[in-house]
Amino acid sequence: MVQASEVLVLLGAVLLMPLIWRSLSALRLEGRGYLRAGLLALLVAYVTTIAEGFVAFDFFNAVEHGGYAVAGILFVLFGAGWLRRVDSGRVVGS
């Protein structure tokens with residue numbers, strides 16, 4: 001059964017993704033590929049959350065949780081790289 005909150009989260013993600021993507025393109029962040037890949041993994045997780053309510057519950061449930069796990073790992077990789085650059089003094093204002 002699909003819940004209204006799941007649909008709203010997916011709708012928000014689909015509507016905001018182009019804005020976030022364009023904002024990331026404008027920033028000169030090293031490792032922003034990790035952020036982009038993490039956002040795509042979240043989007044996959046949101047889509048499979050809805051899909052599991054209709055077909056192949058076990059498969060889409062596994063893909064959903066895998067998407068969240070991959071997104072978390074990618075965000076940690078981005079954060080670790082950012083902290084490494086701060087510690088080395090390569091980030092302005094540190």
Side-chain angles (χ1 to χ4, degrees):
M1 184 81 192
V2 178
Q3 296 181 8
S5 62
E6 295 170 343
V7 175
L8 289 175
V9 167
L10 177 60
L11 182 63
V14 168
L15 291 175
L16 293 175
M17 187 66 69
L19 297 172
I20 295 169
W21 203 268
R22 193 171 54 221
S23 296
L24 284 176
S25 295
L27 297 175
R28 293 185 185 187
L29 290 175
E30 290 182 35
R32 71 177 175 220
Y34 289 127
L35 285 178
R36 285 183 168 171
L39 289 171
L40 288 176
L42 282 179
L43 190 60
V44 166
Y46 296 154
V47 169
T48 56
T49 298
I50 303 298
E52 74 183 11
F54 297 105
V55 294
F57 174 80
D58 291 332
F59 172 74
F60 284 118
N61 191 45
V63 173
E64 172 196 1
H65 289 90
Y68 289 132
V70 167
I73 290 168
L74 290 166
F75 293 147
V76 166
L77 288 173
F78 171 77
W82 181 259
L83 287 176
R84 196 170 29 256
R85 285 186 294 280
V86 168
D87 288 342
S88 69
R90 291 180 12 207
V91 176
V92 176
S94 61

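These numbers come from a predicted model, not from an experiment.
Closest heavy-atom contact between Gly38 and Ala71: O-CB, 3.5 Å. Pairing each heavy atom of Phe57 with each of Glu52, the nearest pair is CD1-O, 3.7 Å. The two residues Arg32 and Ser25 make their nearest non-hydrogen contact at NH1-O, 3.6 Å.
In this structure, the side chains of Val14 and Tyr46 stay at 4.5 Å or more apart for every pair of heavy atoms.
Clustering ILVMFWY residues whenever any of their side-chain heavy atoms sit less than 4.5 angstrom apart, transitively, puts Val2 in a cluster other than the one holding Leu8. Val9 is connected to Phe54 through a chain of hydrophobic side-chain contacts under 4.5 Å among Ile, Leu, Val, Met, Phe, Trp and Tyr, so both are in one cluster. No single ILVMFWY cluster, assembled from side-chain heavy atoms under 4.5 Å apart, contains both Ile50 and Leu11. One hydrophobic cluster, built from ILVMFWY side chains closer than 4.5 Å, holds both Met17 and Leu19.
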>> If you apply the rule side-chain contact (heavy atoms from CB on, under 4.5 Å), what do you find for Leu42 with Phe75, and how did you get there?
In response: CA-CA 11 Å; Leu42 282 179; Phe75 293 147; 3.9 Å; yes
>> Set out, in order, the CA-CA distance, both residues' side-chain angles and the distance that settles side-chain contact (heavy atoms from CB on, under 4.5 Å) for Asn61 and Glu64, then state yes or no.
In response: CA-CA 5 Å; Asn61 191 45; Glu64 172 196 1; 3.4 Å; yes
> Is there a side-chain contact (heavy atoms from CB on, under 4.5 Å) between Ile73 and Leu77 once you walk through the steps?
Replying inline: CA-CA 6 Å; Ile73 290 168; Leu77 288 173; 4.2 Å; yes
> What do the steps show when you test Ile20 against Leu35 for side-chain contact (heavy atoms from CB on, under 4.5 Å), and what is the final call?
Replying inline: CA-CA 10 Å; Ile20 295 169; Leu35 285 178; over 6 Å; no
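Rounding to the nearest 0.5 Å gives a distance of 10.5 Å between CD of Gln3 and OG1 of Thr49. Atom CG of Leu29 and atom CZ of Arg85 lie 8.0 Å apart (nearest 0.5 Å). The distance from the CG atom of Leu74 to the CG atom of Leu39 is 9.5 Å, given to the nearest 0.5 Å. Atoms CG and CG, on Leu16 and Leu43 in that order, are 11.0 Å from each other to the nearest 0.5 Å. Here CH2 of Trp82 is found 8.5 Å from CD of Glu30. Values are rounded to the nearest 0.5 Å.
Around the CZ atom of Phe78, the shell of radius 6.0 Å holds more than 12 heavy atoms that belong to other residues, nucleotides or ligands.
With hydrogens and angles ignored, the 3.5 Å screen pairs no side-chain donor or acceptor of Arg84 with any backbone N or O of Gly79.
Taking the six-membered ring where tryptophan is involved, the planes of His65 and Tyr68 are perpendicular, since the angle between them exceeds 60° and thus also 30°.
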